[in-house]
Amino acid sequence: MSNSIQIVESVNSAVQSFVGGPIMLVLLVSTGVYFTFHTGFFQISKIGLWFSQTFLAIFKNKTVTEKNDPNAISQFQALTTALAGTIGTGNIVGV
């Protein structure tokens with residue numbers, strides 16, 4: 001029994017050293033730089049479009065749901081549902 005625990009601990013240590021180490025940091029940063037250049041700095045050049053189509057659309061367009069579809073939800077309802085799921089998952093993982 002003790003031997004299997006030592007094996008799990010050694011595997012966990014090896015994975016942790018990779019995930020929390022400088023190799024993963026370099027991979028994450030280089031991936032971000034790669035996508036930034038290949039999308040033409042989309043997150044900077046189209047920030048107005050991004051805000052107008054997401055956050056500001058909630059307040060500008062009051063008729064965002066299809067009136068014929070009783071199951072349709074508004075953009076605000078979709079946003080709050082997504083936030084609730086994200087925050088709830090974060091709380092569960094944090095505990």
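For the atom pair CG (Leu28) and CD1 (Ile23), the distance works out to 12.0 Å, reported to the nearest 0.5 Å. Note: Asn12 CG to Ile5 CD1 = 13.0 Å, rounded to the nearest 0.5 Å. Note that the CZ atom of Phe18 and the OG atom of Ser13 stand 14.0 Å from one another [nearest 0.5 Å]. Interatomic distance, Gln16 CD to Met24 CE, rounded to the nearest 0.5 Å: 10.5 Å.
Grouping the Ile, Leu, Val, Met, Phe, Trp and Tyr side chains by contacts below 4.5 angstrom, directly or via other members, places Ile44 with Val33.
Environment of CG in Leu27: crowded, with over 12 heavy atoms of neighbouring residues, nucleotides or ligands closer than 6.0 Å.
Using cut-offs of 30° and 60° on the angle between ring planes, the pair Phe37 and Phe41 is perpendicular.
Smallest separation of non-hydrogen atoms from Gly40 and Ser45: O-OG, 3.7 Å.
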